[in-house]
Every structure is written in C-alpha cells, then in structure tokens.
There are 4 protein chains.
Amino acid sequence: MAAFHFNITTGAGTPIYRQIGDQVRLGVATGALAPGDPLPSVRALADRLVINANTVAKAYAELVRDGVVESQQGLGFFVASKKRQVYSRAERLRRLHQALEAFVHEAVFLDFTADEIRESVDEKLADLELQPKPAGEKA
Amino acid sequence: MAAFHFNITTGAGTPIYRQIGDQVRLGVATGALAPGDPLPSVRALADRLVINANTVAKAYAELVRDGVVESQQGLGFFVASKKRQVYSRAERLRRLHQALEAFVHEAVFLDFTADEIRESVDEKLADLELQPKPAGEKA
Amino acid sequence: MAAFHFNITTGAGTPIYRQIGDQVRLGVATGALAPGDPLPSVRALADRLVINANTVAKAYAELVRDGVVESQQGLGFFVASKKRQVYSRAERLRRLHQALEAFVHEAVFLDFTADEIRESVDEKLADLELQPKPAGEKA
Amino acid sequence: MAAFHFNITTGAGTPIYRQIGDQVRLGVATGALAPGDPLPSVRALADRLVINANTVAKAYAELVRDGVVESQQGLGFFVASKKRQVYSRAERLRRLHQALEAFVHEAVFLDFTADEIRESVDEKLADLELQPKPAGEKA
DNA sequence: GTGGTCTAGACCACG
DNA sequence: GTGGTCTAGACCACG
C-alpha cells in the first residue's frame with residue numbers, strides 16, 4: 001500500500017479516534033488496505049494529522065481489539081490477514097437500527113422528505129466510495 | 001391525549017435529557033401529543049422517572065428553543081399549537097449532514113455495505129410512511 | 001486578541017450565563033474577539049469570575065447553538081470562523097419582536113414618550129455606527 | 001371611562017402583572033384613563049383575563065406603590081389624581097438605556113440593519129398609540 | 001403550585 | 001488537560 005490518506009474533521013460530532021478507525025476499516029473493506037499492509041506509526045500519524053498521539057493509539061487499540069489490525073511488537077501495526085467477526089449479526093443489526101433510528105428522527109424533525117433523506121444518504125455513500133464487497137467476505 | 005408514557009434507559013449512550021426530548025418530538029410527530037396538550041410538570045416527571053429535575057428542565061428548555069413546546073408562565077409546558085420553522089435551510093442541512101455522518105460512521109464501523117445501508121434506510125422510511133409534504137405542511 | 005475581559009454583576013436582573021454570552025457576542029461584533037480566538041476554558045473562567053463551572057458551560061453551550069463559537073473536542077471553545085445564519089427569517093423576526101416588546105414595556109413603565117423612545121433608539125444606533133449591510137455580510 | 005380594554009399575551013417574555021400595569025400606565029398617559037376613573041376589581045379582571053387573582057393584585061399593588069392608582073378601602077382602585085414621580089430622571093434614564101442596550105444588542109446579533117430596527121420600533125409605538133403628552137405633564 | 005438560575009461536586013469521554 | 005452529564009439542593013420570580 002502506497003498512498004493511504006487519512007483526513008479528519010475536528011469539531012464534528014464524531015470523535016477523532018473513531019474517524020481514524022473508520023477510515024482504516026473502510027480501507028480494508030474497499031481493498032485500499034490489503035492484509036499485511038503497515039499502518040503509519042502512532043507518532044507519525046499524530047504528527048501528520050496534528051492531533052494527540054493518545055488519540056491515534058486509542059484508535060489503533062480499538063482496531064486490534066476488533067481484529068482489523070494486528071500489532072507486531074517493535075515493528076508497528078499491520079492490517080490483519082483474516083478479520084475476526086466481533087459482533088454477532090443480531091448485535092450488529094441492533095446497533096445499526098439504533099443509529100438509523102436516531103438519524104431518521106433527526107431528519108424528520110428537520111422537516112426533510114423521504115426523498116431528500118434518501119438522496120443525502122446516497123450522496124454520502126458515494127463520497128465514501130463505499131463499494132459492494134467483492135465476494136464471500138465478512139458482513 | 002390520555003396516557004403518554006416516558007421511559008428512559010440510564011447507562012445507555014444517549015443522555016437522559018435527549019431521550020426525553022426525543023420522546024416528546026416523536027409523540028408530537030405521531031400525534032400521540034396534540035397541540036395544547038400539557039407536558040408533565042418538571043418536578044412530576046423528574047419524580048416519576050426518578051431523575052433530577054434539572055435534567056427534565058434541560059430537556060424541556062431545548063424543546064422550547066426548537067419550537068416544539070411552549071412555556072406558560074406559572075402553568076407549565078404545553079405542546080406548541082403550530083410548529084414554527086426555527087432554523088434556516090442552511091442550518092437544517094448542516095444538522096442533517098451531521099446526523100448522517102454519525103449514522104454512516106456507525107454503519108461503516110459495523111461493517112455494513114453501502115447496499116445494506118441504503119436498504120435499511122429505505123425500510124425505515126417505508127415504516128414511517130413518510131410521505132412527500134402535501135402543501136406547506138411538515139411531513 | 002490579547003486581553004479580553006469579562007465582568008459580571010451578580011444580583012442584577014440579568015442571569016450570569018447571559019451576561020457572559022452577551023459579552024462574547026459583543027466582543028465578536030466589535031472585533032475584540034477575532035475568528036479562531038480561544039475563549040477561556042470553562043473552568044478557568046469560572047475560577048476567574050468566582051462562579052460555578054456549570055454557569056459558564058451553559059453560556060458557552062448557547063453560543064455554540066447560535067453559531068457564535070465552536071467547540072473543539074478536548075481543546076476548548078473558539079470564536080467561529082464565519083458566523084452561520086442559524087435561524088430562519090421568521091424566527092429572527094419573532095425574536096426581534098420579543099426583544100422589542102420587552103424594551104418598549106420597560107420604556108412605557110418608565111413613563112417615556114414615544115418621541116423620547118424613538119430618539120434614544122436613534123442615538124444608540126448612531127453610537128454603534130451600525131451601517132446598512134455592505135453585501136452578504138452581517139452589519 | 002367606559003370601555004377600557006386589557007389584553008395580555010401569555011407565553012411572551014413579559015410577565016402578566018407587568019403587562020397589566022403597563023396598560024394602566026399607558027391608559028393614563030394617553031388620557032384613556034382619567035384621574036378618579038375606577039379600575040376593574042381584582043376578581044373581575046382576573047376572571048375576564050382568565051388569570052390568577054394574585055397576578056392582578058400584584059399589578060395593582062405596584063401601581064399603588066408608584067402612585068399611578070389609589071386604593072379606596074372597600075371601594076376598589078382608582079386612577080390617582082396627580083401622579084407622584086417615583087424614580088429620579090437620572091434613574092429613569094439609566095434604566096431606559098439598560099433596556100435599550102439589551103434590545104439593540106439582540107437586534108444586531110440577529111443581523112437586522114439600523115433601518116429595520118428603527119422601523120420595527122416605529123411600528124410598535126404606533127401599535128400602542130403612544131401619543132406625545134398633552135402639555136406640561138410628567139416625564 | 002409552576003419554572004429559572006445557580007452552586008458544589010461527582011463521574012465520564014475525548015485528547 | 002478539555003468539555004458534557006447528572007445529582008441534590010437552595011433560592012427566586014411568577015401565578
């Protein structure tokens with residue numbers, strides 16, 4: 001992997017550590033990050049994003065906990081070869097629907113129509129270049 | 001309106017004051033709460049939910065700011081007769097995108113694909129029977 | 001911006017949290033506070049003014065809601081780079097009329113004539129050198 | 001005095017007792033209420049306005065304190081023959097400017113121009129039918 | 001009775 | 001370090 005870019009938006013609702021983790025997950029999902037690829041070092045990424053090193057460390061720790069990346073003592077962090085599925089499908093669906101509920105309620109409260117909501121979701125997903133997964137992968 | 005029930009989950013991620021606000025908004029949206037209906041008094045609701053009165057007051061204050069309910073000096077809070085359009089279109093879009101960001105981040109975190117996300121949104125919108133706005137009304 | 005001073009009058013009619021908010025708004029309006037300038041931390045300001053931290057937090061939260069300042073997670077509050085137009089025209093008019101009502105009631109209570117009231121408003125506006133908006137800017 | 005009408009707006013910022021007091025003061029100022037004219041009884045006005053009798057009593061008490069009306073034991077309240085000036089001119093100006101300051105700050109914050117502010121004040125004063133005082137009266 | 005403001009202090013998330 | 005939420009309780013204005 002050559003050029004994998006992180007970008008974070010501070011001040012938004014989403015915590016920085018979560019944004020970092022999500023971008024790694026997304027990279028793995030889209031294939032931008034392949035198994036074995038190294039992640040930037042904690043310090044390097046913290047410097048590049050001008051954020052606290054603890055924040056990067058927290059993001060990486062969560063990725064390790066979830067089996068997305070693996071830590072090689074003294075070498076750094078690498079994309080895991082095969083990802084463990086941490087949450088059960090039921091649990092994942094439960095959390096998805098909870099998040100969805102919050103989003104749709106806010107949108108309805110803001111007086112947006114179903115079409116406007118759908119459109120905004122489509123745009124956002126296109127932005128993320130979230131592609132359907134190749135074949136028989138996780139999820 | 002006869003029996004409007006509040007129930008809160010403590011220990012969950014969502015703050016109590018927000019849970020209260022959301023339930024009132026939802027009640028208004030579904031018609032369970034009609035314009036002019038009184039809300040429980042701050043102290044009464046605090047007692048009933050076994051939480052602090054300040055927490056209820058904070059929830060109610062936010063509802064007033066958003067034009068959902070109105071305060072009648074010395075009498076308490078009542079569902080607003082006609083919901084005002086408090087926010088500018090730019091602000092409403094900003095809030096929509098912020099809510100969307102949080103939702104999509106959670107979905108990505110949970111490893112759902114773009115198709116799965118879109119599908120879940122469609123289902124949810126269908127559930128709500130959210131129709132295009134008839135005229136100058138809110139959906 | 002070097003030295004921005006807050007001073008509050010306790011025992012007056014105006015709540016402390018509002019006095020703080022007003023002083024920030026005024027500072028922003030006059031340019032004493034420039035976009036990006038940090039506000040004192042909640043705890044620091046509370047200590048300096050010898051008031052409770054919650055009171056400062058309440059003031060800051062209102063400023064965030066109104067788009068005057070922005071919160072940077074873990075870093076504190078900063079003057080917003082460009083003031084958003086948060087409220088709809090209807091809402092802004094509603095607030096103007098409410099403020100006007102309070103003012104005129106006080107003036108009538110104090111037995112001032114219509115001419116005296118008008119004159120005092122003219123003087124005040126002249127003082128502020130409030131000019132018609134140049135372009136898409138705020139006055 | 002035959003038909004003197006009170007109307008109060010509940011839910012606004014101004015307390016009801018203040019609205020009642022202001023309308024009496026205004027009536028006296030415009031001549032709608034002449035010295036010796038009776039005010040509605042506390043109970044009658046409370047019934048008519050569908051408010052608490054304590055609220056009317058509080059308004060009347062303040063008017064008596066300020067020398068606008070006089071209480072005749074067992075008969076009720078009457079417009080005072082000659083009004084005492086309660087506050088010094090300096091004090092009245094101080095309070096006027098304080099109220100004005102709050103109003104103008106709010107208006108400026110809401111992005112209204114000087115012209116818009118002046119216009120809104122003129123309209124409001126016209127609504128109140130606040131006329132210049134006849135001759136060498138108070139104020 | 002109603003809500004509004006403020007305090008002192010705890011505990012948590014994020015950086 | 002930063003802010004966010006919540007509690008328990010006081011005191012006040014308004015009705």
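Being a predicted model, the structure only gives us computed values, none of them experimental. Atoms considered below: every heavy atom in the structure, side chains included; atoms not considered: hydrogens, waters and symmetry mates. Naming: A, B, ... by sequence-line order, numbering from 1 per chain.
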| query | Quick one: CD1 on Ile16(B) to NZ on Lys58(B), what's the gap to the nearest 0.5 Å? | reply | 11.0 Å

| note | In this structure, CD1 of Ile51(D) is separated from CG of Leu45(D) (nearest 0.5 Å) by 6.0 Å

| dT7(E) OP1/OP2 closer than 4.0 Å to side-chain N/O of Thr55(C) | yes

| message | dG3(E), OP1 or OP2 - any side-chain N/O from Ser71(B) closer than 4.0 Å? | response | no

| Do you know which two heavy atoms are closest between Ala107(A) and Leu96(B), and how far apart they sit? | CB-CD1, 3.6 Å

| Does Ala61(C) or Leu75(B) map to a spot on DNA chain F nearer the 5' end, using the closest nucleotide for each? | Ala61(C)

| query | Hey, which of these two, Ala57(C) or Ile51(D), hits DNA chain F nearer its 5' end, going by closest nucleotide? | reply | Ala57(C)

| remark: DNA chain E in dot-bracket form (Watson-Crick or G-U pairs under 3.5 Å, [ ] crossing, | inter-strand) is ||||||||||||||.

Distance in angstrom units between [X] [atom1] and [N] [atom2], rounded:
X	N	atom1	atom2	value
Gln73(C)	dG1(F)	CD	P	18 Å
Arg65(C)	dG3(F)	CZ	P	17 Å
Arg18(D)	dC14(F)	CZ	P	9 Å
Ile8(B)	dT7(F)	CD1	C1'	13 Å
Glu70(B)	dG3(E)	CD	C1'	15 Å
Asp47(A)	dG15(E)	CG	C1'	15 Å
Ile16(C)	dC6(E)	CD1	C1'	7 Å
Glu62(B)	dG4(F)	CD	P	13 Å

| said: Is any side-chain heavy atom of Gln19(B) closer than 4.5 Å to one of Asn7(B)? | reply: no

| query | Should Val69(A) and Phe78(A) count as side-chain neighbours, where that means a heavy-atom distance under 4.5 Å? | reply | no

| message | By the 4.0 Å heavy-atom rule, please label Tyr60(C) as base, sugar-phosphate, or nothing. | response | nothing

| task | Could you tell me whether Arg48(D) sits above the aromatic face of Phe6(D), with NZ or CZ closer than 6.0 angstrom to the six-membered ring centre and within 45 degrees of the axis? | result | no

| query | Taking for each residue the nucleotide of DNA chain E bearing the nearest heavy atom, is the 5' side occupied by Thr14(C) or by Gly74(B)? | reply | Gly74(B)

Restricting both atoms to N or O, compile the protein contacts to nucleotides 9-13 of chain E shorter than 3.5 Å, with distance only.
| residue | atom | partner | partner atom | Å |
| --- | --- | --- | --- | --- |
| dG9(E) | O6 | Asn54(C) | OD1 | 3.4 |
| dG9(E) | O6 | Asn54(C) | ND2 | 3.0 |

| said: Over 60° means perpendicular and under 30° means parallel, so tell me whether Phe77(C) and Tyr60(C) are parallel, tilted or perpendicular. | reply: perpendicular

| Any Lys/Arg nitrogen of Arg25(C) or Glu62(C) sitting under 4.0 Å from an Asp/Glu carboxylate oxygen of the other? | yes

| said: Check this for me: does any side-chain nitrogen of one of Arg18(A) and Glu106(B) sit under 4.0 Å from a carboxylate oxygen of the other? | reply: yes

